[in-house]
Amino acid sequence: MLINWHDPDHVYLVCGKTDLRKGIDGLAMVIAENYGLELYDNSLFLFCGSRNDRFKGLLWDGEGFILLYKRFENGHLSWPRHSSEAKELSARQLDWLLKGLKPLPVRRIKAAQPGTFY
């Protein structure tokens, strides 16, 4: 493995779909323009396209950007597709993501029944 996924101080998951044809400059612009996050503070940014068996990562190593590409031969990622925001992941959530589990909790809101009070 090229990097230890837990070395960066921050790991951000960019929810939704990202065009994985973008390179370093394009992905850096996505972060800077859409999310306002600092690119140079030892952060790893993870992006997924329309296929959930591969993703790209962008990491600043102090001298330049590293573009990571990972494809799963057996299995897939459970990537949140419901929003267009960047969520910071804990070490545990990152492990869940890389194992194919949902890294972010799914909130289900039940409709209140008329006349029911708690």
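Note that the coordinates shown come from a computational prediction; the quantities given were computed from them, not determined experimentally. Keep in mind that the numbers below use all heavy atoms, side chains included, and drop hydrogens, waters and symmetry copies.
Atom CG of Leu67 and atom CG of Leu58 lie 6.5 Å apart (nearest 0.5 Å). Once rounded to the nearest 0.5 Å, the distance linking CG of Asp7 with CG of Asn42 reads 8.0 Å. The structure places CG of Leu94 at 13.0 Å from CZ of Arg92, a figure rounded to the nearest 0.5 Å. His10 NE2 to Leu44 CG: the interatomic distance, rounded to the nearest 0.5 Å, is 11.5 Å.
Classified by interplanar angle (parallel below 30°, tilted 30° to 60°, perpendicular above 60°), the ring pair Tyr40/Phe65 is tilted.
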Throw together a table of side-chain donor-acceptor distances under 3.5 angstrom for residues 20-32, partners on residues two or more places apart or in other chains.
residue	atom	partner	partner atom	Å
Arg21	NE	Asp19	OD1	3.0
Arg21	NE	Asp19	OD2	3.3
Arg21	NH2	Asp19	OD2	3.0

For residues 46-55, please give each side-chain donor-acceptor pair under 3.5 Å, one per line with the distance, not counting sequence neighbours.
residue	atom	partner	partner atom	Å
Asn52	ND2	Leu77	O	3.4
Arg54	NH1	Tyr69	OH	3.4

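For residues 28-50, there are no salt bridge (charged side-chain N to carboxylate O under 4.0 Å, His left out) pairs, not counting sequence neighbours.
In this structure Arg71 satisfies the salt bridge (charged side-chain N to carboxylate O under 4.0 Å, His left out) test together with Glu73, sequence neighbours excluded. Residues meeting the side-chain hydrogen bond (donor to acceptor under 3.5 Å, both in side chains) test with Asn34, sequence neighbours left out: none. Listed by chain and number, the residues in a salt bridge (charged side-chain N to carboxylate O under 4.0 Å, His left out) with Glu85 are Lys87 (sequence neighbours excluded).
Counting only heavy atoms from C-beta outward, the side chains of Leu89 and Trp96 never approach each other to under 4.5 Å.
Nearest heavy-atom pair across Tyr12 and Ser43 is CE1-OG, 3.7 Å.
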